[in-house]
Amino acid sequence: MTIFYFTATGNSLAAAKAIGKGVENAKLISIPQIINQPDLSYQDDVIGLVYPIYGFGLPKMVRRFLENVSWEADYTFAVGTYGNEAGAAARNVQRLAQTLGLRLDCSTTLLMVDNYLPGYEMGKQIATLPQKHVEEHLAQIIAGVRARKANQASANLVRRAMTAVIKGGEPLAMRGAQAQGYLVSESCTQCGACAKICPAGNISVGESVRFGDRCEWCLGCVHLCPQNAIHLKNERSAARWRNPEVTLSEIIAANRQT
Ligand SMILES: Cc1cc2nc3c(=O)[nH]c(=O)nc-3n(C[C@H](O)[C@H](O)[C@H](O)COP(=O)(O)O)c2cc1C
Ligand code: SF4
Ligand code: SF4
């Protein structure tokens with residue numbers, strides 16, 4: 001089994017790890033580590049994709065990955081992790097795969113903590129986690145993958161309309177200079193962790209922290225700065241999130257570009 005993943009705060013990596021757990025020779029491949037390779041051709045018995053849902057759609061790097069990858073497998077699946085409302089993401093990812101000639105037997109979603117700081121207070125998100133029954137839903141997804149369950153992902157009219165209005169996250173993804181509006185407080189120690197956390201190689205740390213124009217708006221640097229020194233002007237809380245099943249070192253290993 002090969003599982004491709006993209007993660008900022010660890011939810012998608014935690015899900016990918018759980019799906020691959022106990023499967024002989026399971027390989028987890030971080031998309032930021034391979035996205036610039038000239039050849040993205042893969043073969044395995046089972047191939048999966050685990051990604052966070054942004055604006056009811058795909059992170060722009062994950063879209064680019066799908067547009068460039070070719071995979072051959074007996075069974076393929078995709079899981080979009082999300083925090084509150086997935087819109088028509090699962091349906092649209094399956095349709096996108098179809099358009100691109102990529103086999104995608106099952107496309108589904110997994111409700112986890114919502115790390116979107118302009119929308120949600122992290123303390124409340126974490127407090128409501130038990131009501132999301134993540135383990136139970138993840139177990140169902142794992143059982144589906146083991147049984148090679150296929151689906152035709154659907155979304156009702158309201159979700160399709162919402163997703164169409166938001167354009168499947170594309171306007172969010174287009175804002176590559178987003179991070180240039182982030183505020184770095186005096187508690188920054190210039191440790192350089194944010195530059196390693198960034199999946200887009202968009203941060204450089206010298207005498208100050210500088211953001212370029214390739215931001216994926218993943219919020220990894222904001223959530224994971226060890227000093228909690230990076231802030232959004234419109235964040236709803238100072239509290240931050242990292243999935244406890246994933247260490248900071250694992251996220252750095254997944255995302256590091258330098
Ligand atoms: C820019 C951005 C947009 C997001 N959009 C949505 C969304 O449309 N619906 C939703 O339920 N969660 C949304 N989220 C929350 C993430 O999908 C969710 O927290 C995900 O599990 C994070 O995965 P990660 O920890 O692997 O990065 C968004 C998060 C970010 C940073
Ligand atoms: S991770 Fe935080 S403390 Fe370290 S350089 Fe970046 S902003 Fe500063
Ligand atoms: S600058 Fe921050 S928010 Fe933007 S891609 Fe890098 S880690 Fe993510």
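Computation of the quantities below employed the complete heavy-atom set of this structure, encompassing side-chain atoms and omitting hydrogens, waters and symmetry-equivalent molecules. Whatever order the structure lists ligands and atoms in, that order sets their numbers, starting from 1.
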ask   = Same hydrophobic cluster for Met61 and Ile197, using side-chain heavy-atom links shorter than 4.5 Å among ILVMFWY?
value = no
ask   = Counting heavy atoms only, which of Trp217, Tyr51, Phe56, Tyr120 comes nearest to atom 8 (O) of ligand 1?
value = Phe56
key: Of the listed options Leu110, Thr7, Val113, closest to atom 19 (O) of ligand 1 (non-hydrogen atoms)   = Val113
ask   = Can Val165 be reached from Tyr82 by stepping across I, L, V, M, F, W or Y side chains whose heavy atoms are under 4.5 Å apart?
value = no
message = Taking distance alone, with N or O pairs closer than 3.5 Å, would you say Tyr116 contacts ligand 1?
response = no
task = Enumerate the atoms of ligand 2 whose separation from the nearest heavy atom of Gln190 is less than 4.0 angstrom.
result = 5 (S), 8 (Fe)
inquiry  = Checking a contact table here: which protein heavy atom is nearest atom 4 (Fe) of ligand 2, and how many Å away?
reply    = Cys191 SG, 2.3 Å
Under 4.0 Å to a heavy atom of Ile230 - the qualifying atoms of ligand 2, by number = 7 (S)
message = Under 4.0 Å, heavy-atom basis, I'd like to know which part of Leu219 is in contact with ligand 1: side chain, backbone, both or neither.
response = side chain
remark   = Restricting to heavy atoms, the pick from Tyr5, Trp241, Tyr54, Tyr82 nearest atom 3 (C) of ligand 1 would be Tyr54
task = Considering the heavy atoms of Pro226, write down every atom of ligand 2 situated less than 4.0 Å from one of them.
result = 1 (S)
task = Note the single closest protein heavy atom to atom 3 (S) of ligand 3, along with its residue, its atom name and the distance in Å.
result = Leu219 N, 3.3 Å
Within the 6.0 Å centroid threshold, strictly below: Tyr42 and Phe4 = yes
message = For ligand 1, which is the ligand I care about here, please tell me if Ile53 has any N or O atom under 3.5 Å from one of the ligand's N or O atoms.
response = yes
inquiry  = Check this for me, if you would: do Glu216 and Arg64 make a salt bridge, where the nitrogen-to-carboxylate-oxygen distance has to be below 4.0 angstrom?
reply    = no
message = Using the rule given for side chain to side chain contact (heavy atoms under 4.5 Å, CB included), can you reason through Phe65 versus Ile34, listing the C-alpha separation, both sets of side-chain angles and the distance that settles it, and then say yes or no?
response = CA-CA 9 Å; Phe65 169 72; Ile34 55 163; 3.7 Å; yes
query = Are any of the N or O atoms of Leu13 closer than 3.5 Å to those of ligand 1?
reply = no
key: Val62-Ile29 co-clustered via ILVMFWY side chain contacts under 4.5 Å   = yes
inquiry  = Below the 3.5 angstrom mark, is there an N/O of Ser12, backbone or side chain, next to an N/O of ligand 1?
reply    = yes
key: Atoms named by residue and atom, protein N, O or S, within reach of atom 6 (Fe) of ligand 3 (under 2.8 Å)   = Cys198 SG
note = The answer for which part of Gln227 has a heavy atom under 4.0 Å from ligand 2 is side chain
query = Is it the case that more than 12 heavy atoms not belonging to Gln37 sit under 6.0 Å from its CD atom?
reply = yes
Heteroatom proximity flag, Cys218 to ligand 1, N/O under 3.5 Å = no
ask   = Based purely on interatomic distance, does Ala86 place a nitrogen or oxygen under 3.5 Å from a nitrogen or oxygen of ligand 1?
value = no
Nearest neighbour of atom 23 (O) of ligand 1 from the list Cys215, Gly55, Pro52, Gly83, on a heavy-atom basis = Pro52
key: Atom pair CH2/CG of Trp241 and Asn115 - distance to nearest 0.5 Å   = 9.5 Å
message = Any donor-acceptor pair under 3.5 Å linking the side-chain atoms of Asn11 with those of Thr81?
response = no
ask   = Are Trp217 and Tyr182 near enough that their ring centres are under 6.0 Å apart?
value = no
